[in-house]
Amino acid sequence: MSDSGYRDRRPRAGTGLDEPADLDLLGRMRSGDEAALEVLYKRYAGLVFTLALRIVGDRELAREVLQDAFLRCWDGRETYDAGRGRVPWWLIGIARNRAIDLLRSRPHQARLREGGILPGNARTSDPSPWEAADAVGLRRAITSALENLPMAQRRAIELAYYGGRTQSEIASELGEPLGTVKSWTREGMERLRVSLWPLIDPKREE
Amino acid sequence: MTEDHQQLQEHVAAYALDSLEEPERARMEAHVGTCERCTSRLDEYRAVLGSLPSGLEPSEPPAEAWTAMHAAARRRQPARGGMERIIPTTWRWATWPLAVGLAAGMLAWNVWLLREISVRPPGPDVEALARRPGRLVILTGTGVRGASARLLVAVDGRHGHLAIAGVRPLPPGRTYQLWFVPASATPVTGGTFVVDAGGRAWVSIMVPISLDDAHVIAITEEPSSGSSAPTGDYLVEAHTWR
């Protein structure tokens, strides 16, 4: 158990008796199964949209990223590699790349983000009681892990992850030596790994 | 652990964040393919990063996002894999006729595309297009000194106009052809066109792939019926655009 006391009790996506596994859905999508696309979309669209909105700061652009990410999975432009981890992480990676490309190609949106103008978050649809509890628990664990980082390390990681900045760009933006930023990134990520990996390791035993 | 490995190991986190610049990024990419320890650590970092969005306050996408995406998905066919496993042996006899039919279809499509492209003088179309939000691609004359082109793509990502200048008028039997080249994939034609006596043209085009998926946009000289793939050098090309 992590220091936050959170233990991820959620069943893996698709491990319920009536829920297809993510890999099954991807396989069916390759064959043109629209129903599989819909299941995968309903399963992860919220997560992908949330990330996209955090990066681009605009609901319409976030929607564009969401649609593009799933369409790239659908038409085969993105291919899942099981060795790279869970399907949602792969989806997150696709969406993040698209969102950062969008951010870089639309400077006015970047200025919107830098101005700290964040859109209001819509409320989610009502989840089941255990889903709500575990989702909130995971969110708190992640939030806690980030809050426990020294601010400099957290800032360096968030600029890289949500802002798509290179190490040099972060150093320039923060007015710090490149070596310092690299240390912050390395140490911060290692702290996050120690905190969160036990919660998310796909091979861990319940 | 060698000193070199120790230095590379310190960059795994930044590599996982896609935050390294060249040449460190390339060195890391080459290294993780050979180092089990760094690969394992990289996988863990990527898993951590993949979970970070779960720490954000959740936002629900608009309902119409699914509707629009579903409609777009229906228009696109997913790539098929493992066709060798799917096609029964008894159907293998159809392979060559199908290939010939496909080649004939591509030729017919190129001819149709040539007919669809019309040469229009700049005027109201340019004015209207310039006012619409879209994307602009500037092609420079890498193969023809002094040549340049502008590709204006409408906000829908499919309709566009190409304006070109500085290339020579071609003799009968030859044409210019526009290409959209995805990374590590076969170039896709954007159509063929001819220029006027002054070496200029203004043509309507249909953009066959998303600009975000194109690695290079280029123009070559081809036979008048067009080609299924570039046969000549890139005369005018672009590698970056907004």
Side-chain angles (χ1 to χ4, degrees), chain A residues 29-32 34 37-38 41 45-47 49-51 53-54 59 62-63 66-68 70-71 74-77 84-86 88-89 92-93 98 101 105 121-125 135 138-139 142-143 146 157 160-161 164-168 170 182 185-186 189-190 192-193 196-197 200-202, chain B residues 9-22 24-25 39 41-66 68-82 86 135 182 185 209-213 240-242:
Chain A
M29 281 166 57
R30 285 287 175 269
S31 303
E34 294 175 16
L37 172 64
E38 184 171 7
Y41 180 89
L47 188 63
F49 183 78
T50 297
L51 169 70
L53 186 59
R54 172 62 176 82
R59 289 187 66 85
R63 188 178 100 163
L66 168 69
Q67 293 174 348
D68 190 44
F70 275 90
L71 283 172
W74 167 254
D75 63 19
R77 280 177 291 163
R84 293 285 295 269
R86 296 180 186 164
W89 301 341
I92 288 292
R98 304 307 296 169
D101 286 346
S105 69
N121 287 334
R123 296 190 63 80
T124 60
S125 54
L138 178 60
R139 189 161 69 246
I142 293 171
T143 302
L146 286 168
I157 291 171
Y161 188 68
R165 311 286 208 278
T166 65
Q167 298 287 280
S168 296
I170 296 170
K182 288 184 175 180
T185 301
R186 181 180 67 251
M189 281 298 298
E190 184 58 20
L192 287 180
R193 187 189 70 82
L196 298 176
W197 179 246
I200 61 178
D201 179 4
Chain B
Q9 196 176 39
E10 292 180 357
H11 290 143
V12 174
Y15 181 70
L17 283 160
D18 293 326
S19 188
L20 284 182
E21 291 157 305
E22 302 295 344
E24 288 172 330
R25 191 207 61 78
T39 298
R41 185 55 50 90
L42 176 63
D43 288 344
E44 292 176 8
Y45 285 151
R46 283 176 169 159
V48 168
L49 292 172
S51 71
L52 286 188
S54 296
L56 298 171
E57 189 67 30
S59 290
E60 191 75 10
E64 57 267 28
W66 162 250
M69 197 205 70
H70 189 203
R74 286 191 158 178
R75 292 193 295 271
R76 302 189 195 188
Q77 288 299 318
R80 298 289 189 266
I86 296 173
R135 300 177 77 173
I209 64 173
S210 167
L211 287 189
D212 294 329
D213 296 326
T240 58
W241 46 84
R242 287 185 174 276

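Numbers restart at 1 for each chain; the letters A, B, ... are given by sequence-line order, proteins then strands.
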*Asks:* Report the distance from atom CD of Gln167(A) to atom NE2 of His11(B), rounding to the nearest 0.5 Å.
*Replies:* 8.0 Å
*Asks:* With chain A, which of Ala13(B), Ala65(B), Ala14(B) has the greatest number of heavy-atom pairs at distances under 4.5 Å?
*Replies:* Ala65(B)
*Asks:* Taking every non-hydrogen pair under 4.5 Å, which of Arg41(B), His70(B), Glu24(B) racks up the most with chain A?
*Replies:* Arg41(B)
*Asks:* Atom CZ in Phe49(A), atom CZ in Phe70(A): separation rounded to 0.5 Å?
*Replies:* 12.5 Å
*Asks:* Output the distance between atom CH2 (Trp89(A)) and atom CG (Leu52(B)), rounded to the nearest 0.5 Å.
*Replies:* 11.5 Å
*Asks:* Using a 4.5 angstrom heavy-atom cutoff, name the option from Thr143(A), Leu37(A), Leu146(A) with the most pairs to chain B.
*Replies:* Leu37(A)
*Asks:* Side chain, backbone, both or neither: which part of Tyr161(A) has an atom under 4.5 Å from a heavy atom of chain B?
*Replies:* both
*Asks:* Check whether any side-chain heavy atom of Ser19(B) lies under 4.5 Å from a side-chain heavy atom of Thr185(A), and answer yes or no.
*Replies:* no
*Asks:* Rounded to the nearest 0.5 Å, how far apart are CG of Leu192(A) and CD of Glu44(B)?
*Replies:* 13.0 Å
*Asks:* With a 4.5 angstrom heavy-atom cut-off, which part of Arg63(A) approaches chain B: side chain, backbone, both or neither?
*Replies:* side chain
*Asks:* What residue, out of Pro62(B), Pro61(B), Gly55(B), has the most heavy-atom pairs lying under 4.5 Å from chain A?
*Replies:* Pro61(B)
*Asks:* For the CD1 atom of Ile200(A) and the OG atom of Ser54(B), what is their distance to the nearest 0.5 Å?
*Replies:* 9.0 Å
*Asks:* Check each atom of Glu10(B) against the heavy atoms of chain A and say whether the ones under 4.5 Å are side chain, backbone, both or neither.
*Replies:* both
